[in-house]
Amino acid sequence: MPCMDTQPRVRPYRRSDRDGVADVCVRTADNGGDSRHLYPDPTLMPTLFAHPYCHLDPELAFVLDDGHGRVGGYIVGTADTERFATRFRDRWLPLVAGRFPEPRDTPATPTEEMVSLLHHPERMVLPALRDYPAHLHIDLLPAWQRRGHGRALMRTLLTALHRRGVPAVHLGMVTANTAARAFYDRLGFHVLPVPDPGVLTYLGRGTDLTD
């Protein structure tokens, strides 16, 4: 019987990875830490930041497979943020709005704040980011960090975007997450000036890995 490869590797997302991606998202959604104390419904954060990408742009979704089929991390993205926001409203929101109806009043809890974001996908489209049309989200469980896997995930997505002719990509990160910022700095991301960014810092870089 041939030996099975049990080494961790980056591979394309599969539908069977859905729950694994959700678990990673939940366990990293509080500035890199577990978010279950903030958002009691474990489907909320994946519904915002992971599953719509897997559903709308599955060819730009990749996971870190631990060698046994389990998800240790993922990267998801879209090549065209403006088009993605439109598809999010037209094709994704109808699938999830029943579970997460839009708050009628000003959001008063962390959950309500996230649900409000869910119902306003146009927030993703910022004129200051026009030259960086793609965007991404990347999450990695602590046990898999600082081992080169985040870099491998990023290189995989950047390569996929570059092959599509997408010149540059951006991301938004919580400014307080200094560990994430150090990671992005090492990968060549730089600050993108965005008016009134709130708690976020926007970063970007070209998709050409030879730059």
Applying side chain to side chain contact (heavy atoms under 4.5 Å, CB included), run through Leu95 and His55 and close with a yes or a no.
-> CA-CA 11 Å; Leu95 300 177; His55 181 75; 3.7 Å; yes
Can you list the steps and then say if Phe183 with Met154 is a side chain to side chain contact (heavy atoms under 4.5 Å, CB included)?
-> CA-CA 11 Å; Phe183 168 72; Met154 187 69 75; 4.3 Å; yes
Take atom [atom1] in [X]; do more than 12 heavy atoms of anything else shown fall under 6.0 Å from it?
X      : atom1 : result
Arg83  : CZ    : no
Glu122 : CD    : yes
Arg123 : CZ    : yes

Write down the atom of [X], the atom of [Y], and the distance for their closest heavy-atom approach.
X      : Y      : answer
Trp144 : His149 : O-CD2, 3.4 Å
Asp57  : Gly77  : CB-O, 3.6 Å
Ala134 : Val166 : CB-CG1, 3.7 Å
Arg9   : Gly67  : NH1-CA, 4.3 Å
Ala61  : Val76  : CB-CG1, 3.9 Å
Pro121 : Ala85  : O-CB, 3.6 Å

What distance separates [X] [atom1] from [Y] [atom2], expressed to the nearest 0.5 Å?
X      : Y      : atom1 : atom2 : value
Leu161 : Asp208 : CG    : CG    : 12.0 Å
Arg146 : Leu140 : CZ    : CG    : 10.0 Å
Leu60  : Thr156 : CG    : OG1   : 11.5 Å
Ile138 : Leu187 : CD1   : CG    : 7.5 Å
Leu118 : Thr111 : CG    : OG1   : 12.0 Å
Ile75  : Leu157 : CD1   : CG    : 4.5 Å

Check: [Y] main-chain N/O paired with [X] side-chain donor or acceptor under 3.5 Å:
X      : Y      : result
Arg151 : Arg147 : no
Arg27  : Pro142 : no
Gln145 : Gly150 : no
His137 : Cys25  : no
Ser116 : Glu112 : no
His190 : Arg205 : no

Do [X] and [Y] share a hydrophobic cluster, counting only Ile, Leu, Val, Met, Phe, Trp and Tyr and linking them when any side-chain heavy atoms are less than 4.5 Å apart?
X      : Y      : result
Leu192 : Val199 : yes
Leu44  : Val174 : no
Tyr39  : Leu141 : yes
Leu136 : Leu209 : yes
Val115 : Val26  : no

Going through the checks in order, is the salt bridge (Lys or Arg N to Asp or Glu O under 4.0 Å) test met by Arg11 and Asp17?
-> CA-CA 11 Å; Arg11 61 165 172 77; Asp17 297 322; 2.8 Å; yes
Test item: side-chain donor near acceptor, Thr201 and Arg181, under 3.5 Å = no
Going by distance alone, is a donor N or O of one side chain under 3.5 Å from an acceptor N or O of the other, for Asp139 and Thr28?
-> yes
Would you say the side chain of [Y] lies within less than 4.5 Å of the side chain of [X], judging by non-hydrogen atoms?
X     : Y     : value
Trp92 : Leu56 : yes
Pro58 : Pro12 : no
Val63 : Val21 : yes
Pro8  : Leu64 : yes
His68 : Thr6  : yes

Go through the steps to decide whether Tyr202 and Tyr132 satisfy the test ring pair (Phe, Tyr, Trp, His ring centres under 6.0 Å), and finish with yes or no.
-> CA-CA 11 Å; Tyr202 288 91; Tyr132 297 78; over 10 Å; no
Given Met124, which of Thr81, Leu117, Leu129 fulfils the side chain to side chain contact (heavy atoms under 4.5 Å, CB included) condition?
-> Thr81
With side chain to side chain contact (heavy atoms under 4.5 Å, CB included) as the test, would you mind laying out the steps for Phe189 and Met173 before giving the verdict?
-> CA-CA 12 Å; Phe189 282 82; Met173 56 157 287; over 6 Å; no
Where do Arg87 and Glu82 land on the salt bridge (Lys or Arg N to Asp or Glu O under 4.0 Å) test, with the steps shown first?
-> CA-CA 9 Å; Arg87 291 187 298 147; Glu82 186 171 355; over 6 Å; no
Mind checking whether His135 and Phe84 have ring centres under 6.0 Å apart?
-> yes
Carefully, step by step, assess Arg99 and Thr43 under the rule side chain to side chain contact (heavy atoms under 4.5 Å, CB included).
-> CA-CA 10 Å; Arg99 185 180 182 98; Thr43 69; 2.9 Å; yes
Going through the distances and angles, do His120 and Phe88 end up as a ring pair (Phe, Tyr, Trp, His ring centres under 6.0 Å)?
-> CA-CA 9 Å; His120 294 87; Phe88 191 109; over 10 Å; no
